[in-house]
Amino acid sequence: TDLYDQKEKTYAGYVMATGELGNITLTGGVRVEHYVLDNVGTARNGTVLTPLAVRQSYTDVFPSLNARVGLSDDLIFRLSAQRGISRPAYGSIRVGSAVNDALGTIGGGNPDLKPEYTWGVDSSLEFYLPGSGILSAAGFYRWVDNVFYGNTERVGNDRFDSNGVDRSNYILTGTFNGQNGRLYGVEFNYQQKFSFLPAPFDGLGFQGNLTLLGGKFDAEFISPTTGLSVLRSGIAFPGMSKRILNASLFYEKHGISARVSYQKRSDWLDTIGGLGAGESRQGYENLDVSLRYKINDTFTIFADAANLTNAKYIAYEGTKDRPSEVEQIGSRYLFGIRFDF
């Protein structure tokens with residue numbers, strides 16, 4: 001059921017143009033894509049194997065417009081608008097499935113998945129610093145259709161029927177499409193190499209960003225418990241933390257490359273869980289260290305230390321006092337020598 005054959009073809013063409021109006025540079029264009037997917041797999045019901053095949057074919061148009069405004073030699077403002085697409089992962093859309101007629105359940109891919117489409121607006125203000133540095137603030141807003149989310153729902157169609165068996169009311173665990181959603185966020189970024197410091201400290205540098213995210217979407221599905229159509233509104237995007245912080249202190253000079261990296265992210269929703277509260281993942285902190293020394297053009301020695309915070313990765317149902325999974329991988333260390341020839 002995990003073995004599948006997918007043949008994908010994309011035919012595309014585009015036109016674009018660039019023009020300048022004083023300190024403003026405009027770039028606009030449109031891309032046309034015709035997409036074809038032949039999706040072949042097998043449904044397994046006990047020892048019985050049933051071959052299945054599904055074809056998808058659609059044509060899309062993606063316009064975009066980008067503006068760059070040079071406010072000064074070091075200060076740039078950018079504004080863009082575009083339409084985008086995100087196609088389902090191959091494993092999510094696979095035809096392969098495991099059917100259990102005794103329990104009325106199906107586990108596997110969902111070949112009826114539609115792509116996610118977005119209309120989006122992005123803007124940023126960038127201030128360029130000496131020493132290849134940058135200080136910037138950026139924001140974005142996305143209108144999203146057909147949002148992907150993991151769930152357990154009733155099938156609701158004849159896709160998995162075979163040998164005269166109606167499986168439209170079976171429970172399918174997989175990836176589904178929601179309805180309309182809104183996704184937005186801001187990011188603050190600072191990157192600087194401290195080349196103004198006296199040697200040997202002029203090899204030091206810093207990289208950091210803080211991202212704040214928000215967004216909700218709606219989903220209408222067939223309840224696995226009642227068999228009725230249910231509309232849920234205001235669902236958080238799966239996999240989206242509201243806050244993500246990254247910071248790195250690095251040193252690059254005299255063949256030495258060293259980096260200390262820190263990441264912190266807040267809780268996020270993993271699956272929406274039918275009519276329940278769904279499964280969420282608890283936020284965590286990670287601290288990693290990477291060291292490189294280039295002996296010559298051939299040999300480099302290295303050492304890496306990952307997850308020095310010894311983070312616990314916890315999933316919970318609805319509230320944190322109902323953990324469904326607790327995983328602690330521990331710190332990891334890797335060292336060795338590399339050579340090029």
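Hydrogens, waters and symmetry mates are skipped; everything else that's a heavy atom, side chains included, is used. Numbers here are sequence positions counted from 1.
Counting heavy atoms from C-beta outward, Thr300 and Tyr293 have side chains that stay 4.5 Å or more apart. Side chains of Ser123 and Phe140 form no contact here, defined as non-hydrogen atoms less than 4.5 Å apart. Looking at Val144 and Asn180, their side chains never come closer than 4.5 Å, going by heavy atoms from C-beta outward. Ile76 places none of its side-chain heavy atoms less than 4.5 Å from the side chain of Val69. No side-chain heavy atom of Leu287 sits under 4.5 Å from any side-chain heavy atom of Ser261. Side-chain contact between Ser168 and Arg154 is absent, with no heavy-atom pair separated by less than 4.5 Å. Annotation: side chain of Val32 is not in contact with side chain of Tyr14 (no heavy-atom distance under 4.5 Å). With contacts defined as side-chain heavy-atom distances shorter than 4.5 Å, the pair Gln56/Ile93 qualifies.
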Take Asn100 and Ile106 through the side-chain contact (heavy atoms from CB on, under 4.5 Å) test and state the conclusion after the steps. CA-CA 6 Å; Asn100 189 321; Ile106 301 175; over 6 Å; no

Checking side-chain contact (heavy atoms from CB on, under 4.5 Å) for the pair Asn307/Tyr313: CA distance, chi angles, key distance, verdict? CA-CA 11 Å; Asn307 190 25; Tyr313 305 101; 3.9 Å; yes

Intermediate values then yes/no, side-chain contact (heavy atoms from CB on, under 4.5 Å), Val289 and Leu308: CA-CA 8 Å; Val289 176; Leu308 294 180; 3.7 Å; yes

Apply the test side-chain contact (heavy atoms from CB on, under 4.5 Å) to residues Arg182 and Arg142: give CA-CA distance (whole Å), side-chain angles for both, the deciding distance (0.1 Å), then the verdict. CA-CA 6 Å; Arg182 303 288 186 270; Arg142 295 285 185 274; over 6 Å; no

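In this structure, Leu183 is a member of the same hydrophobic cluster as Ile235, with clusters built from ILVMFWY side-chain heavy atoms closer than 4.5 Å. Side-chain heavy atoms closer than 4.5 Å link hydrophobic residues (I, L, V, M, F, W, Y) into clusters, and following such links, possibly through other members, connects Tyr184 to Trp119. Residues Tyr190 and Phe127 are members of one and the same hydrophobic cluster, defined by side-chain heavy-atom contacts under 4.5 angstrom among Ile, Leu, Val, Met, Phe, Trp and Tyr. Tracing side-chain contacts under 4.5 Å through hydrophobic residues (I, L, V, M, F, W, Y), one never reaches Phe302 starting from Ile295; they form parts of separate clusters. Both Phe77 and Leu75 are part of a single hydrophobic cluster, where members link through side-chain heavy atoms under 4.5 Å apart.
Other residues, nucleotides and ligands contribute more than 12 heavy atoms inside 6.0 Å of the CZ atom of Phe196. By the 6.0 Å contact criterion, NZ on Lys253 is enclosed, its count of non-hydrogen atoms from other residues, nucleotides or ligands being greater than 12. Other residues, nucleotides and ligands place no more than 12 heavy atoms under 6.0 Å from the CG atom of Asp73.
Atom OG of Ser257 is separated from atom NZ of Lys294 by 11.0 Å, given to the nearest 0.5 angstrom. Between Asn246 atom CG and Lys264 atom NZ the span is 12.5 Å, to the nearest 0.5 Å. With values rounded to the nearest 0.5 angstrom, Gln179 atom CD is found 9.5 Å from Asn146 atom CG. Between atom CG of residue Leu113 and atom OG of residue Ser92 there is a gap of 6.5 Å, rounded to the nearest 0.5 Å. Within the model, atoms CD of Glu153 and OG1 of Thr175 stand 10.0 Å from one another, a figure rounded to the nearest 0.5 Å. For the atom pair CG (Leu135) and CG (Leu125), the distance works out to 9.0 Å, reported to the nearest 0.5 Å.
Proximity of the aromatic rings of Trp143 and Tyr141 is defined here by a centroid distance below 6.0 angstrom, and this criterion is met. Ring centroids of Phe206 and Phe250 are separated by 6.0 Å or more, keeping the two rings apart. Under the 6.0 Å cut-off for aromatic ring centres, Phe217 and Tyr149 qualify, their centroids lying closer than that. When ring centroids are compared, Phe194 and Phe201 stay outside the 6.0 Å threshold.
Across every non-hydrogen atom of Leu249 and Gly205, the tightest pair is CD1-O, 3.2 Å. When all heavy atoms are compared, the tightest approach of Tyr58 to Pro115 is OH-CG, 3.1 Å. Here the closest non-hydrogen pair linking Asn66 and Ser80 is OD1-CB, 3.0 Å. Here the shortest heavy-atom pairing between Ala236 and Leu269 reads O-CD2, 3.4 Å. The minimum heavy-atom distance between Lys242 and Ser266, with the atom names listed, is N-OG, 3.1 Å. In this structure, Ala311 and Tyr284 approach most closely via the heavy-atom pair CB-CB, 4.3 Å.
Side-chain N/O atoms of Ser241 and Arg265 include a donor and acceptor closer than 3.5 Å. Judged purely by distance below 3.5 Å, without hydrogens or angles, the side chains of Tyr90 and Glu8 pair a donor atom with an acceptor atom. With 3.5 Å as the limit, one finds a donor-acceptor pair spanning the side chains of Asn39 and Gln6. Using modelled atom types and a 3.5 Å distance limit, the side chains of Ser72 and Asp74 yield no donor-acceptor pair. A donor and an acceptor atom, one from each side chain of Thr59 and Glu33, are nowhere located under 3.5 Å apart. A donor-acceptor contact under 3.5 angstrom links the side chains of Asp304 and Ser290, judged on distance only. Under 3.5 Å, the side chains of Asn189 and Glu187 contain no donor-acceptor pair of N or O atoms. For the residue pair Tyr316 / Asp321, no side-chain donor-acceptor distance below 3.5 Å is found, with atom types taken as modelled. Between the side chains of Tyr170 and Asp101, at least one donor N or O sits under 3.5 Å from an acceptor N or O. If you check the side chains of Thr173 and Thr152, you find a donor sitting under 3.5 Å from an acceptor. Counted by atom type alone, Gln263 and Glu285 present zero donor-acceptor pairs between their side chains at under 3.5 Å.
A cation-pi arrangement is absent between Arg338 and Phe299 under the rule of less than 6.0 angstrom and at most 45 degrees off the ring axis.
When atom types are taken as modelled, the side chain of Gln82 and the backbone of Pro63 share no donor-acceptor pair closer than 3.5 angstrom. At distances below 3.5 Å, not a single donor-acceptor pair connects side-chain atoms of Glu327 with backbone N or O atoms of Ile314.
A salt bridge links Glu325 with Arg281: at least one charged nitrogen is closer than 4.0 Å to a carboxylate oxygen. Salt bridge absent: Arg78 and Asp122 never bring a charged side-chain N and a carboxylate O closer than 4.0 Å. Using a cutoff of 4.0 Å between basic side-chain nitrogens and carboxylate oxygens, Asp5 and Lys7 are scored as salt-bridged. Arg55 has a carboxylate O that lies under 4.0 Å from a charged side-chain N of Asp38, or vice versa, which qualifies the two as a salt bridge. Salt bridge absent: Asp145 and Lys114 never bring a charged side-chain N and a carboxylate O closer than 4.0 Å.
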